[in-house]
Structures are given as C-alpha cells and as structure tokens.
Amino acid sequence: RYVRAKENALEKCLLKQVGEDFAAREIIASKPEAFGMLRRIYRAPSAGRIAARQGAWLALELTDTPLELRALYRGVVISVMAKQGVVIEATGALAQGVWGAGGEGYGVIRQAVSQPDAMLDAEQIDVTARGTVLLAGAGVTEAALRRAAQERVAGLIVGGLMPALRDLVKELELPTLVTDGFGHRAMSAPIFDLLLAHIGEEAVVNAPSAPVGSLRPEVFIPILAGGS
C-alpha cells in the first residue's frame, strides 16, 4: 500500500521476491510517479527476508538485532548455555562486601586515603579521579559522594557507610562497595592491604542495587596470564 500499486501491478514494482534476503535500508519496491520523473520507494527497516506475499501485502521476516552484552569480568568463555548465557572462567583477586549499590563500575584502582580508618572528604576528589575506582577507608561524607558522581568516578570501595547515605548512593548510581558495615568502620586490614597491593590495576565493582538471591557485592581484580 505504501507504493500505491494495485494488486495486479505490484509484481512490476517488486525488486525482491518471496524467499529472497535483503539488507537494512535496501530498496524492496519501487514505483515511478509524475510521468517517470520521480519514484516512490520502500526501504527495508532492517536486514531480513521476504517471508510471504498476499495480494498487495508483503510479510517481512526481520533478522534480530545483535545484542552486545559486556562480560564485566575479564576471562575465558568455557561454556555456552543456549538462550541463557555463558560461563566465564576468570583468575584474579576477589573481595566481597556486606552491602553495595549503584550497579557495575570498571576502572583502575586509585588510593584516596592513606589509612584504613581515614574518612574520604570531597576535597580529596578531583578531575583526576574520573574513571577510577577509589579506595577509601572508614567512611565517606555526603559531599564526597556527590563530588565522586560529579567527577564520574567509576566506583568506590569503603569500609563503612552511614545508613542515611544508602539512598543517596542509589540515587547517584555510583557503584559503591561497603566491606565491613554501616557507620564509621575502618576497612579490615586484609582487604585494605589486598587492594593497596593492586593500586593502578584494573578492577570491577559489582554492586547491584537490587541483588539477586544470595549474591554479595564484590570487587574483582583480574590477573592476566603471566601476571602476579
């Protein structure tokens, strides 16, 4: 109907027949107008094939658009589950927390405080923190959270968090991992030392605001073959 051709004249307008494939934006039908000076054309909305024709109607079977899904963890695909996903085997350092929110963040680890019992203030965050995962200590101020979001920090790992700031973390969508608990809590020495040993290396903060089942928020530091 788009090309305004009668049923018995449609055959002359078709550039593709039933069963033939077409690419996205390829011309499927064309009809001359204004004494041949103009042409009314119909382009395919995406790649696919002509599945059927009935009267002046065409049925198009469009190819599904590929969906790019980030693996999050750097590793090797060892199994494919049809229509569900894949299993990725990864080697690295892992630390889990007691609470997290803000989603997923990826970047190099940057030391923001000198001690595991130190507080992270807004003055300690500047433009150089953009795209990094900040290692904090016993807590973080509201101003620091807002500055981190403003500077587009990729993630935040902190020992403790005041309960009143939980909603703000979710609102800012700042991937945040709390390792030890709520309130002013120094980060446990083993976790702080582990992260300190990997300053400048890539890390992934996985802290979904709505965790599934018993999954805990975590930070993962991939170690490539031959790495330490």
Side-chain angles (χ1 to χ4, degrees), residues 24 46-48 62-112 116 120 125 128-137 140 145 148-149 151-161 166 169-182 187-228:
S46 65
L62 303 181
T63 304
D64 292 336
T65 303
L67 172 65
E68 181 178 302
L69 182 63
R70 294 185 179 275
L72 186 62
Y73 296 143
R74 186 190 298 271
V76 178
V77 175
I78 61 173
S79 178
V80 177
M81 299 176 291
K83 299 182 179 181
Q84 294 186 36
V86 300
V87 177
I88 296 177
E89 182 178 71
T91 301
L94 175 71
Q96 293 184 319
V98 298
W99 185 86
E104 303 167 351
Y106 178 87
V108 298
I109 302 177
R110 177 187 175 96
Q111 185 177 359
L120 178 61
I125 304 174
T128 61
R130 177 167 298 184
T132 66
V133 175
L134 294 182
L135 172 59
V140 57
L145 287 174
E151 298 296 347
R152 299 182 184 178
V153 168
L156 175 66
I157 307 172
V158 63
L161 182 75
R166 287 181 296 182
V169 169
K170 297 178 182 179
E171 176 187 334
L172 295 175
E173 296 183 344
L174 174 65
T176 301
L177 173 66
V178 178
T179 61
D180 289 80
F182 294 107
M187 184 178 296
S188 61
I191 296 180
F192 190 82
D193 292 342
L194 171 66
L195 298 174
L196 203 61
H198 293 279
I199 295 297
E201 297 182 26
E202 298 176 350
V204 176
V205 175
N206 187 8
S209 297
V212 179
S214 60
L215 294 179
R216 293 173 59 185
E218 61 190 26
V219 55
F220 180 74
I221 306 168
I223 298 177
L224 303 180
S228 58

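Since the structure is predicted, the reported quantities are computational estimates derived from the model, not experimental observations.
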Checklist entry - Would you say the side-chain atoms of T176 pair up with the backbone N or O of G100, donor to acceptor, closer than 3.5 Å? => result no
Item to check | Closest heavy-atom pair and its distance - E202, R74 | outcome: OE1-NH2, 2.7 Å
Checklist entry - Is the closest side-chain heavy-atom distance between V158 and L120 below 4.5 Å? => result no
Next on the checklist: Is it the case that atom CZ in R152 sees more than 12 heavy atoms from other parts of the structure closer than 6.0 Å?
Outcome noted: no
Item to check | Partner residues of F220 under the ring-ring contact (aromatic ring centres under 6.0 Å, His included) criterion, sequence neighbours left out | outcome: Y73
Checklist entry - So, the side chain of R216 versus the backbone of G97: is there a donor-acceptor pair under 3.5 Å, distance only? => result yes
Checklist entry - Considering all heavy atoms of both residues, which atom of L145 and which atom of L172 are nearest to each other, and what is their separation? => result O-CD1, 3.6 Å
Checklist entry - Do T179 and V219 come close enough that some side-chain heavy atom pair is under 4.5 Å? => result no
Checklist entry - What are the two closest non-hydrogen atoms of G181 and V98, and how far apart are they? => result N-CG2, 3.6 Å
Checklist entry - Side chains of L161 and R166: closer than 4.5 Å at any heavy-atom pair? => result yes
Next on the checklist: Distance check, rounded to the nearest 0.5 Å: I199 atom CD1 versus R110 atom CZ?
Outcome noted: 10.0 Å
Item to check | Validation row: M187, D180 side chains within 4.5 angstrom (heavy atoms) | outcome: yes
